[in-house]
2 protein chains.
Amino acid sequence: MAAAKSKPNPIPSVWARPQREPDQPALSRDVIVREAIAMLDAEGIEALSMRKLGARLNAGATSLYRHVATKDELMELALDAVAAEIHVPPSDSPDWRAAVTEAAHSFRATALRHPWLSSVLGQAGLAYLGPNLMAFSERLASLFIAVGFPDPSGAIDAVLSYTIGMSTTEAAWLSTVARSGETEAEFINRLLPAAQQAAADHDHLADSYREAAVRTADPVKLRDDKFAYALEIVLDGLALRLPD
Amino acid sequence: MAAAKSKPNPIPSVWARPQREPDQPALSRDVIVREAIAMLDAEGIEALSMRKLGARLNAGATSLYRHVATKDELMELALDAVAAEIHVPPSDSPDWRAAVTEAAHSFRATALRHPWLSSVLGQAGLAYLGPNLMAFSERLASLFIAVGFPDPSGAIDAVLSYTIGMSTTEAAWLSTVARSGETEAEFINRLLPAAQQAAADHDHLADSYREAAVRTADPVKLRDDKFAYALEIVLDGLALRLPD
DNA sequence: TTGCGATGCGAACACTGTACGCACAGCGGA
DNA sequence: TCCGCTGTGCGTACAGTGTTCGCATCGCAA
């Protein structure tokens, strides 16, 4: 007889009243954002609805609106919360290439851990900066300034845009793979025949697909290597801009 | 008495029957996609609904499903249709830097002309390639191969990812500006005070905002220059990989 | 003329984000 | 002890969404 948590209770009796058992540590902006992120990670961006999120918190959907103005705002909060996971080495790092490389890899890792992030970035962009995104930008800026680039913002544009572009493309790919319910290798093998046929009269594309067909063994490492390799290209371009 | 286009007509009389005036060249996948793109360009991605699109075509919402399996598929078709606008110079271009630069600028211009594109890219990615996207990839590949890069796919990754990252970020920014109903300069000036206050204890960010406050005169040119500058960095990195 | 496959569409379903207003908890002051 | 106030939860409702289903109607082939 312990239950009867939140059923509608038309009987005006004090004894039947729900008594509001504090099963959750109450509702707050923080737990809402945290649980939203958990849901986004687990089920993807289109699976998140205010009602489902409320249910997960043992609350009604509209209760969330006491702590969050709108769903878009919630997404911005989630974006900023996740931005805290990106690690940027301190500006006095001895090896600037290693430092920038680590920052880029950390960004990518975060984007792949939360593939919905690329969708949010595509819509909201980096216009409204939350505290964590600001801190990220600041650390990145101080790193590039400390290195001594003559035009730090241009340098940041190059490496950050490359990182964003590569990461969001990968994240979108991983999302489609996840929606299929297969492993990445399975998904590739199922898609390759169609892709090869579609690329029949595109010589170079057909070549690259043929090549890809061979290396389906470890797609994760392949993506890692691709990212690292092209990042080196960008860093080489940066190095040329460095004085002396 | 010419009107009475598509009102419900309960009278079972031959003379009152609508007669199906062919005001539109009928419904077809092509006109649906074309009109969807027009709507996306004019009112943004969240303003497009199947019902509104149907209404624009003097058709019911559900009629569209005879030509398009789902809204997601429609978005993929729109993405591919728009990809046809990207211009990639022929592979026998004398100046490879100029050729790649033109391709990148054309990509960016297309992305900025259709800002919803960045949202679609963030969700669908480049996984399922339509014919136009395939042709784009093929032309890009043949260009890089003709130049003689030892690892063309790595080179493509570098410049294309940079271009995608920069363009989608800009497009997202332009979308937020458009939603505000203001010009870009107005929007910046309205936002700057808040941004500067929020960046109070981030020295380098505060600096860059102070700098930005001065140059609100021609934001378009400023973005153009930023894109071109960081692209040069990437191209410099590429040039190092070129034999002899 | 008959039949058939393709096309349009109204109604309906299961959802969505969110506004509104009521119910109640805790609390500071009378 | 009672009052009112403020902050929180939530049931209901509204306008809208993507999509399915089955029926009506069309042009065309037999």
Side-chain angles (χ1 to χ4, degrees), chain A residues 4-32 35-36 39-40 43-78 123, chain B residues 4-32 35-36 39-40 43-78 123:
Chain A
K5 207 160 16 190
S6 66
K7 295 200 195 86
N9 184 8
I11 310 162
S13 153
V14 201
W15 314 114
R17 200 110 39 76
Q19 182 71 8
R20 186 189 297 294
E21 25 182 334
D23 35 341
Q24 291 297 108
L27 231 42
S28 79
R29 173 177 287 202
D30 283 332
V31 305
I32 291 177
E35 223 59 30
M39 251 182 123
L40 287 166
E43 316 188 43
I45 194 171
E46 75 273 2
L48 178 70
S49 81
M50 298 303 269
R51 278 179 245 264
K52 285 187 207 146
L53 180 55
R56 191 187 171 106
L57 289 160
N58 286 76
T62 62
S63 307
L64 309 175
Y65 284 90
R66 292 284 173 196
H67 308 271
V68 149
T70 179
K71 192 190 179 183
D72 285 348
E73 183 184 299
L74 173 59
M75 298 304 284
E76 283 182 35
L77 290 171
Q123 287 193 322
Chain B
K5 205 159 20 191
S6 67
K7 293 198 196 87
N9 184 8
I11 310 161
S13 154
V14 202
W15 315 112
R17 199 113 36 77
Q19 180 71 9
R20 187 187 298 291
E21 26 181 333
D23 35 340
Q24 292 296 111
L27 231 41
S28 79
R29 173 178 285 204
D30 282 332
V31 305
I32 290 176
E35 223 58 31
M39 250 180 124
L40 287 166
E43 316 189 40
I45 195 170
E46 74 274 2
L48 178 70
S49 82
M50 299 303 268
R51 278 180 245 264
K52 286 189 204 145
L53 180 56
R56 192 187 171 106
L57 289 160
N58 287 75
T62 63
S63 307
L64 308 175
Y65 285 89
R66 291 285 172 196
H67 304 90
V68 148
T70 180
K71 192 190 180 184
D72 285 349
E73 182 185 301
L74 173 59
M75 297 305 283
E76 283 182 34
L77 290 171
Q123 287 193 321

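Computed from a prediction, not measured in an experiment: that's the story for all the values here. A note on names: the letters A, B, ... follow the listed sequences, proteins ahead of strands, and every chain is numbered from 1.
Within the 4.5 Å cutoff, no side-chain heavy atoms of B:I32 are placed close to those of B:L77. Looking at heavy atoms from C-beta onward, B:I45 lies in side-chain contact with B:M75 at the 4.5 angstrom threshold.
Within the 4.0 angstrom heavy-atom criterion, only backbone atoms of the sugar-phosphate kind lie near B:L48; the bases stay farther away.
Nearest-nucleotide assignment on DNA chain C puts the 5′-proximal partner with B:A59, out of A:S49 and B:A59. Across the interface with DNA chain D, nearest-nucleotide mapping of B:A69 and B:K52 shows B:K52 to be the residue nearer the 5′ end.
Side-chain atoms of B:K71 come within 3.5 Å of backbone N or O of B:L48 as a donor-acceptor pair. Remark: side-chain polar atoms of B:R29 are paired, donor with acceptor, to backbone N or O of B:H67 under 3.5 angstrom.
Distance from the side chain of B:K71 is smallest to D:dT19 among D:dT19, C:dC9, C:dT7. Here D:dG18 is the nucleotide among C:dG17, D:dG9, D:dG18 with the atom lying nearest to any side-chain atom of B:R51. Distances from the side chain of B:R66 to the nucleotides D:dC10, C:dC9, D:dT20 place C:dC9 closest.
Between A:S63 and D:dT8 there is no side-chain N or O to OP1 or OP2 distance below 4.0 Å. Between B:T70 and the phosphate of D:dT19, there is a side-chain N or O to OP1/OP2 separation shorter than 4.0 Å. In this model, the phosphate group of C:dA6 is not approached by any side-chain N or O of B:H67 to a distance below 4.0 Å at OP1 or OP2. The shortest distance between the side-chain N/O atoms of A:T62 and the OP1/OP2 oxygens of D:dC10 is not below 4.0 Å.
Taking atom CE on B:M39 and atom C1' on D:dT17, their separation rounds to 13 Å, with Å as the unit. Atom OH of B:Y65 is separated from atom C1' of C:dA6 by 19 Å (rounded to the nearest Å).
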